[in-house]
A.B. asks: 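Once you've had a glance at the structure underneath, I'll fire off some questions.
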Amino acid sequence: MKRETKFTYIGLKGIVTKTHVFMCEQDESVPCPRGGLCFADGCRRVDYVLVYHCKRRHSQSRHSIISNGNLPSLSPTPSRRNTQPELAEVELEAGLASGPGEGEKALIREEFERGLQEEGLEIERDKETVRFTRLHVPWSVLSREAELLKIKVPTKRVSFTQKTGLAGAISSLWEKLNQPFQPGVPEPQNPLGTNRCKKEAHPCLYYVRYEQFPYPNWVKKHILYIPQMLHEEWANYGVFFKYQPADLIRKYFGEKIGLYFAWLGVYTQLLIPASAMGIVVFLYGWLTVDTNVPSQEMCDERLNFTMCPLCDRVCDYWQLSSMCSTARASYLFDNHATVAFAIFMSLWAAVFLEHWKRRQRCLQHRWDLTDMEEEEVGTLFTTTHNLPIASESLTWKDRLPGYCVNVSSILLMVGVTFSAVFGVILYRIIVFAVMSMNPDHEAKANVRVTVTTTAVIINLLVVLVLDEIYGAVAVWITELEIPRTEAAFEEHLILKAFLLKSMNAFAPVFYVAFFKGRFAGRPGDYVYVFKDFRMEECAPAGCLIEVCIQLGMIMLGKQLIQNNVFEIAIPKLKKMYRTYKEEKEGGEKKKSKDPNRPRHRWDLDYELEPYEGLSPEYMEMIIQYGFVTLFVASFPLAPVFALLNNVIEIRLDAAKFVTEIRRPDAVRAKEIGIWYNILSGISKFAVITNAFVISFTSEFIPRMVYQYLYSDTGTMHGFTDHTLAYFNTSNFKPGTAPNSTRFDRELRICRYKDYRDPPWSPESYQLSKQYWSVLAARLAFVIFFQVSGTTFIF
């Protein structure tokens with residue numbers, strides 16, 4: 001149906017229809033249920049409500065129709081009922097001047113209603129106001145559409161043989177153990193017949209006025225409206241440990257939303273073993289940290305490792321033992337078990353993808369989606385300009401300006417992201433230099449922690465702000481492409497939004513993991529920014545602990561602030577603002593209304609927030625999946641926080657769908673679409689990132705090389721001294737040596753983290769043989785890890 005007709009369909013929450021309609025047709029004396037939503041005859045139930053948008057609301061400026069089902073095509077035949085006078089009356093009542101285009105809008109609305117009537121729908125309007133127009137779909141229309149949609153019902157009973165022996169005992173035991181986790185929703189075990197056909201033809205709602213129907217006793221015992229059942233067994237934090245009622249969700253919201261929550265349930269369920277393994281890795285590091293030789297050596301003040309200054313002039317020499325707490329914290333996540341956990345997560349990602357494909361196939365068979373052919377629906381441009389969907393009506397010359405704007409806009413956003421990351425880098429460098437001038441030695445000792453924490457908070461705020469901007473930009477540049485179908489529009493939008501948002505979320509972590517400290521130089525030959533500020537370096541224990549902090553705070557911040565607080569607070573604020581604005585603009589109109597007029601269900605549902613699609617829900621989970629898999633080697637507790645978030649997220653989304661937004665379209669879909677391809681791509685890319693994190697960011701490879709190639713005793717004793725190079729303080733460039741020092745002014749040697757030849761060597765300060773040995777081992781491990789990981793994925 002054309003989207004410029006300025007209508008909204010409201011899917012009424014809690015309406016139960018078709019089974020009662022059948023009885024009404026046979027027995028007209030059956031009254032409408034008390035409190036039910038019916039036509040004036042008290043028999044025909046209200047299935048949909050048509051709302052005229054006489055004054056467009058800002059939240060719906062892009063959508064001219066919000067529908068709750070498939071709309072019939074327009075027909076040019078004469079109208080059965082003229083609605084133009086009523087529409088003009090509404091426009092005058094709303095205070096809108098009848099200008100150019102208003103008459104055309106009225107004709108389009110009239111044609112729209114005429115098309116509905118010709119398709120067999122029945123219409124009833126309010127006598128007091130025409131803002132709401134009620135629609136009823138007769139049983140004959142449902143039967144016709146069920147045949148067109150090829151909805152299947154069983155023709156004979158299927159009996160399943162019970163398992164016997166050991167297999168039967170195991171199956172029975174598993175059912176008993178699993179029973180407490182099943183939702184308290186009755187299984188659809190209705191007998192064959194007309195009632196079953198009616199329920200399958202209109203699968204949105206059932207269970208109403210059961211005393212008039214031959215339902216089994218087990219159904220009568222648990223009789224409830226489906227919204228109430230969903231609220232009690234799904235949108236309730238008290239049942240967080242139970243499975244979701246996937247069939248009930250599909251019946252009320254449609255297959256597309258049902259598949260999303262089924263996928264979210266599978267993802268959350270498989271996070272349990274990943275979380276358990278992450279906790280084991282963390283506990284292993286916590287229990288063995290006191291026996292870790294490298295961290296003991298860094299904490300030993302008797303070894304007296306005097307390190308080179310961290311900045312020019314104002315920074316003094318310092319003792320390596322001052323980094324004891326950082327070294328011990330780093331070992332909690334950088335130990336031998338981390339490598340095994342990274343390999344496990346590669347296998348986990350492959351199992352997750354395969355398990356979801358299996359689950360999706362089962363749902364397709366159960367929901368009769370195997371032979372479904374998706375209908376191509378034109379976009380707003382193709383519909384309003386009457387362009388054919390099947391043929392390419394626009395040439396490459398027509399699309400070239402849109403593509404140019406697309407590419408340039410994406411490059412601009414990439415530049416904005418890199419600029420934001422570079423700005424935070426400058427902040428870290430400058431603040432570190434300024435705080436190092438503080439004469440307080442305790443403040444100087446905490447400079448690195450303070451700078452890292454504040455920089456991560458700034459990164460988080462930048463990520464949250466740019467996320468909202470990138471979402472709007474992705475919609476705008478996708479509209480410029482003028483895709484032919486809604487499916488193509490959605491795919492293009494998802495790809496652009498994911499590209500921009502994932503780059504925005506992961507760019508700060510990528511910098512710390514793979515670039516920080518790589519180009520800092522060495523004492524006497526540092527790399528400078530703006531000729532005054534030295535590039536920042538990693539701590540002697542490595543950058544892995546900083547990656548852990550960066551990843552953990554951004555992940556938790558996005559989940560707590562963006563995914564949960566925004567989902568709760570923003571809709572309520574929007575509703576309050578909209579109510580205030582409507583009361584302010586329509587005060588006089590409300591005075592003219594009958595104050596005793598009862599508020600119907602459609603009045604209440606119209607005040608709810610409109611449904612904005614599943615893309616935001618998928619996007620936040622896909623970004624979370626990236627955090628869980630891409631850098632899991634640096635933060636093994638990421639699956640734990642993801643699991644806790646998803647347990648809340650499922651119930652939060654459920655409450656939002658049941659109580660906070662208008663009932664969405666019941667859209668049929670075979671699969672989750674392009675989101676599966678994105679998940680597969682992230683899983684494959686995660687193998688590469690984790691291989692490089694273990695090889696180049698953690699200290700695992702240097703420790704192994706030292707133990708098996710350079711250690712005299714075959715142990716880790718002497719590893720810290722082996723990784724620290726020597727520097728002669730007389731080789732400082734003029735003006736870069738410390739102005740004042742607490743150490744001996746005759747100090748000649750300081751140490752720094754690197755593999756370089758000592759100053760007394762003929763090739764002083766050049767990369768040593770140990771450096772090339774470690775680099776070769778790192779590259780070999782990357783190849784080994786990628787081969788093993790991609791074997792699991794493929």
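Basis for what follows: all heavy atoms, side chains included, without hydrogens, waters or symmetry-related copies.
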A.B. asks: Backbone N or O of Y676 within a donor-acceptor pair of the S680 side chain at under 3.5 Å?
C.D. replies: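 No.
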
A.B. asks: Tell me, with the steps shown, if Q624 and N646 meet side-chain contact (heavy atoms from CB on, under 4.5 Å).
C.D. replies: CA-CA 10 Å; Q624 183 202 88; N646 288 5; 2.9 Å; yes

A.B. asks: Do NZ/NE/NH1/NH2 and the carboxylate oxygens of E147 and R144 come within less than 4.0 Å?
C.D. replies: no

A.B. asks: Given the side-chain rings of F657 and F261, with only the six-membered ring counted for Trp, is the space between their centroids under 6.0 Å?
C.D. replies: yes

A.B. asks: Would you compute the distance between atom CG of D653 and atom CD of E660 and round it to the nearest 0.5 angstrom?
C.D. replies: 11.5 Å

A.B. asks: Could you tell me which non-hydrogen atom of A274 sits nearest to which non-hydrogen atom of W348, and how far apart they are?
C.D. replies: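 Shortest heavy-atom contact: CB-NE1, 3.9 Å.
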
A.B. asks: Please report the closest heavy-atom contact between T268 and I650, naming both atoms and the distance.
C.D. replies: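 It is OG1-CD1, 3.8 Å.
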
A.B. asks: S346 side chain to V687 main-chain N or O, any donor-acceptor pair under 3.5 Å?
C.D. replies: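 The answer is no, because no donor-acceptor pair under 3.5 Å joins these two groups.
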
A.B. asks: For residues Q559 and F641, report the shortest heavy-atom separation together with the two atoms involved.
C.D. replies: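 Where Q559 meets F641 most closely, the heavy atoms are NE2-O, 3.6 Å.
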
A.B. asks: What pairs of donor and acceptor atoms, side-chain ones from residues 468-478 against any protein atom, are under 3.5 angstrom apart with sequence neighbours left out?
C.D. replies:
unit_1 : atom_1 : unit_2 : atom_2 : d
Y470   : OH     : M413   : O      : 3.0
Y470   : OH     : T417   : OG1    : 2.6
T478   : OG1    : A474   : O      : 2.6

A.B. asks: With side-chain contact (heavy atoms from CB on, under 4.5 Å) as the test, would you mind laying out the steps for L369 and E671 before giving the verdict?
C.D. replies: CA-CA 9 Å; L369 302 173; E671 53 192 17; over 6 Å; no

A.B. asks: Are there over 12 heavy-atom neighbours, none belonging to F241, within less than 6.0 Å of that residue's CZ?
C.D. replies: yes

A.B. asks: So, F352 versus W356, ring centres under 6.0 angstrom or not?
C.D. replies: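 Centroid separation for F352 and W356: 6.0 Å or greater.
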
A.B. asks: Tell me, with the steps shown, if K496 and N406 meet side-chain contact (heavy atoms from CB on, under 4.5 Å).
C.D. replies: CA-CA 9 Å; K496 292 179 180 61; N406 257 280; 2.7 Å; yes

A.B. asks: Just do the side-chain contact (heavy atoms from CB on, under 4.5 Å) check on L116 and F112 with the steps written out, would you?
C.D. replies: CA-CA 6 Å; L116 294 179; F112 178 81; 3.6 Å; yes

A.B. asks: Using atom types as modelled and distance alone, determine if a side-chain donor or acceptor of Q364 lies under 3.5 Å from a backbone N or O of K670.
C.D. replies: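 Yes, Q364 side chain to K670 backbone: donor-acceptor pair under 3.5 Å.
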
A.B. asks: Counting only N and O atoms by type, is there a donor-acceptor contact under 3.5 Å from the side chain of T659 to the main-chain atoms of K656?
C.D. replies: no

A.B. asks: Just wondering, more than 12 heavy atoms not from K501 lying within 6.0 Å of its NZ?
C.D. replies: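 Above 12, so yes.
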
A.B. asks: Check for a donor-acceptor pair, side chain of N504 on one end and backbone N or O of V463 on the other, with a separation under 3.5 Å.
C.D. replies: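 Indeed, once roles are kept as given, a pair shorter than 3.5 Å links the two residues.
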
A.B. asks: Just by distance, do the side chain of R651 and the backbone of W234 share a donor-acceptor pair under 3.5 Å?
C.D. replies: yes

A.B. asks: Just by distance, do the side chain of R663 and the backbone of Y252 share a donor-acceptor pair under 3.5 Å?
C.D. replies: yes

A.B. asks: Do the side chain of W675 and the main chain of Y260 share a donor and acceptor less than 3.5 angstrom apart?
C.D. replies: no

A.B. asks: Report yes if the side chains of P245 and L230 come closer than 4.5 Å at any heavy-atom pair, otherwise no.
C.D. replies: yes

A.B. asks: Between W263 and Y618, is the ring centroid distance below 6.0 Å?
C.D. replies: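 That pair passes the under 6.0 Å test.
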
A.B. asks: Does a side-chain heavy-atom distance below 4.5 Å link L652 with Y237?
C.D. replies: yes

A.B. asks: Short question: side chain of T689, backbone of A686 - any donor-acceptor pair under 3.5 Å?
C.D. replies: yes

